[in-house]
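Just so you know, these numbers use all the heavy atoms, side chains as well, and skip hydrogens, waters and symmetry mates. All residue numbers refer to positions in the sequence shown, counting from 1. These figures come from a predicted structure and were not determined experimentally.
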Amino acid sequence: MSATKDKWLKYRFLKNYKRLTRYVPRTKLMSESALWKMISKYRHVILKPVRGSRGRGIIQVSSMGGHTYALHYENVNMKIRGKENTYKFLQKKIGYTRYMIQRRIDRPTIGGCPFDMRVILQRKKTSRKWELTAKIAKVAGRGYVVSNNERSKGRLLPVKTAIRKSTIHHLSSTRLRWKMKRISLRAARRLSNLFPHHRIYGLDVGFDLKGHPWIIEANLYPSMSHFLKLKDRTMYRRIMAYKKQ
């Protein structure tokens, strides 16, 4: 199995690094006992395929109290009563796919829709120095949990604009962006120990309601579609220029 697509491997590698531990949400491999432990601790969890991409197969599970659980996948919302029924339904939905359970980060919202950021980090062939070459805020489409643009028909905004329009607009945008950049570069340097020849990463970084940044996911083959959709192609051109250097 290709290590580059294994989210569980990348998660453990980032989480086990002391300087990143507090920026990586708690995650476990899917099992019945792990699911109920995580739900009792965090109330809301996200289930995702270990080898998924583009937001496919993501399911949010929330405890509503009174032995009732809310499931949210794509733009479908449903409630199931009882642990046994809930787990049976999830098993049916997941099949034999390897899944993991991640603590859901309470993301800030814009007009009621959560958002997070896609951050591109690159290095030149001749250099060990990582640079943040592009960043964009991805706002989930109405009724969706995932912010993936194609999947949720969401929208893209400059990070500064997204912060200003969001429920964390009272926090310093300069400081938030600095924190995001610092942990993203730290993650790229850490990942280069695992993938020494790799020269580009796409990180999904989300703030929580207090402005603490979280690395939700690391992609080794990030899609450029976000940056192609922008009227201003500056970031897209910068990414492509870096690829050649």
Are the side chains of [X] and [Y] in touch, meaning some heavy atoms are under 4.5 Å apart?
X: Val24; Y: Trp214; result: no
X: Leu191; Y: Arg186; result: no
X: His72; Y: Met78; result: no
X: Glu217; Y: Lys48; result: yes
X: Leu47; Y: Met30; result: yes
X: Ile239; Y: Phe227; result: yes
X: Thr133; Y: Leu121; result: no
X: Leu185; Y: Arg189; result: yes

Assigning hydrophobic clusters by single linkage (Ile, Leu, Val, Met, Phe, Trp, Tyr; side-chain heavy-atom cutoff under 4.5 Å), is [X] placed with [Y]?
X: Leu176; Y: Leu203; answer: yes
X: Ile136; Y: Tyr236; answer: yes
X: Trp130; Y: Trp178; answer: no
X: Ile105; Y: Leu171; answer: no
X: Tyr87; Y: Tyr42; answer: yes

Using every non-hydrogen atom in the two residues, find where [X] and [Y] come nearest and quote the distance to one decimal.
X: Ser184; Y: Val119; result: OG-CG1, 3.8 Å
X: Ile215; Y: Ala187; result: CD1-CB, 3.7 Å
X: Lys28; Y: Ala34; result: CD-CB, 4.1 Å
X: Leu14; Y: Ala218; result: CD1-CB, 4.4 Å
X: Met38; Y: Arg103; result: CE-N, 3.7 Å
X: Cys113; Y: Ala140; result: CB-O, 3.2 Å

Side chain to side chain contact (heavy atoms under 4.5 Å, CB included) between Ile200 and Tyr242: does it pass, once the steps are laid out?
CA-CA 9 Å; Ile200 184 166; Tyr242 244 79; over 6 Å; no
In Å and rounded to the nearest 0.5 Å, what is the [atom1] to [atom2] distance from [X] to [Y]?
X: Leu157; Y: Lys165; atom1: CG; atom2: NZ; answer: 6.0 Å
X: Arg233; Y: Met240; atom1: CZ; atom2: CE; answer: 10.5 Å
X: Ser33; Y: Trp36; atom1: OG; atom2: CH2; answer: 11.5 Å
X: Met64; Y: Arg81; atom1: CE; atom2: CZ; answer: 12.5 Å
X: Arg123; Y: His198; atom1: CZ; atom2: NE2; answer: 9.5 Å
X: Glu32; Y: Leu90; atom1: CD; atom2: CG; answer: 10.0 Å

Is a donor from one side chain sitting under 3.5 angstrom from an acceptor on the other, for [X] and [Y]?
X: Arg182; Y: Tyr23; answer: yes
X: Arg43; Y: Ser63; answer: no
X: Gln122; Y: Lys243; answer: no

Output all residues satisfying salt bridge (Lys or Arg N to Asp or Glu O under 4.0 Å) with Lys129, sequence neighbours left out; order by chain, then residue number.
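Lys129 satisfies salt bridge (Lys or Arg N to Asp or Glu O under 4.0 Å) with Glu131 only.
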Please enumerate all residues that pass salt bridge (Lys or Arg N to Asp or Glu O under 4.0 Å) together with Asp106, with sequence neighbours excluded.
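Salt bridge (Lys or Arg N to Asp or Glu O under 4.0 Å) check on Asp106 returns Arg104.
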Which one of Thr86, Ile101, Val61 satisfies the side chain to side chain contact (heavy atoms under 4.5 Å, CB included) criterion with Ile39?
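One option only clears the test, and that one is Val61.
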Of Lys181, His226, Met180, which is the lone residue that meets side chain to side chain contact (heavy atoms under 4.5 Å, CB included) with Lys135?
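It is Met180; the other options fail the test.
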Is a side-chain N or O of [X] found less than 3.5 angstrom from the main chain of [Y], in a donor-acceptor match?
X: Thr27; Y: Pro25; result: yes
X: Thr21; Y: Lys15; result: yes
X: Asp232; Y: Thr234; result: yes
X: Arg107; Y: Leu209; result: no

Check the pair Ile46, Ile216 against side chain to side chain contact (heavy atoms under 4.5 Å, CB included), reporting the backbone distance first and the verdict last.
CA-CA 11 Å; Ile46 301 288; Ile216 297 165; over 6 Å; no
Please report the C-alpha distance between Ile168 and Asp208 in whole Å, then the side-chain angles of each, then the deciding distance to 0.1 Å, and finally whether the side chain to side chain contact (heavy atoms under 4.5 Å, CB included) criterion is met.
CA-CA 9 Å; Ile168 54 165; Asp208 63 22; over 6 Å; no
Assess whether atom NE2 of His67 is packed by more than 12 heavy atoms of other residues, nucleotides or ligands within 6.0 Å.
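At most 12 heavy atoms, drawn from other residues, nucleotides or ligands, come within 6.0 Å of this atom.
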Inspect the contact between Arg51 and Asp6 and indicate whether a charged nitrogen and a carboxylate oxygen are less than 4.0 angstrom apart.
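No, no charged N to carboxylate O under 4.0 Å.
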Any salt bridge between Arg118 and Asp204, counting N to O under 4.0 Å?
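Asp204 and Arg118: salt-bridged.
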Run the side chain to side chain contact (heavy atoms under 4.5 Å, CB included) test against [X] and tell me which residues pass, sequence neighbours left out.
X: Arg164; answer: Thr161
X: Lys88; answer: Glu84
X: Thr174; answer: Ser172, Arg177

Tell me whether the NZ or CZ atom of Lys138 lies within the 45° cone about the ring axis of Phe115 and under 6.0 Å from its centre.
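Negative - Lys138 is either too far from the ring of Phe115 or too far off its axis.
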Does the ring of Tyr69 carry Lys83 above it, NZ/CZ under 6.0 angstrom from centre and within 45° of its axis?
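No - Lys83 does not lie over the ring of Tyr69 by the 6.0 Å and 45° rule.
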Report the C-alpha distance between Leu29 and Arg98 in whole Å, list the side-chain angles of each, state the deciding distance to 0.1 Å, and finish with yes or no for side chain to side chain contact (heavy atoms under 4.5 Å, CB included).
CA-CA 8 Å; Leu29 277 176; Arg98 201 162 163 248; 3.9 Å; yes
Run the side-chain hydrogen bond (donor to acceptor under 3.5 Å, both in side chains) test against Asn16 and tell me which residues pass, sequence neighbours left out.
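If we apply the side-chain hydrogen bond (donor to acceptor under 3.5 Å, both in side chains) test to Asn16, skipping adjacent residues, there are no hits.
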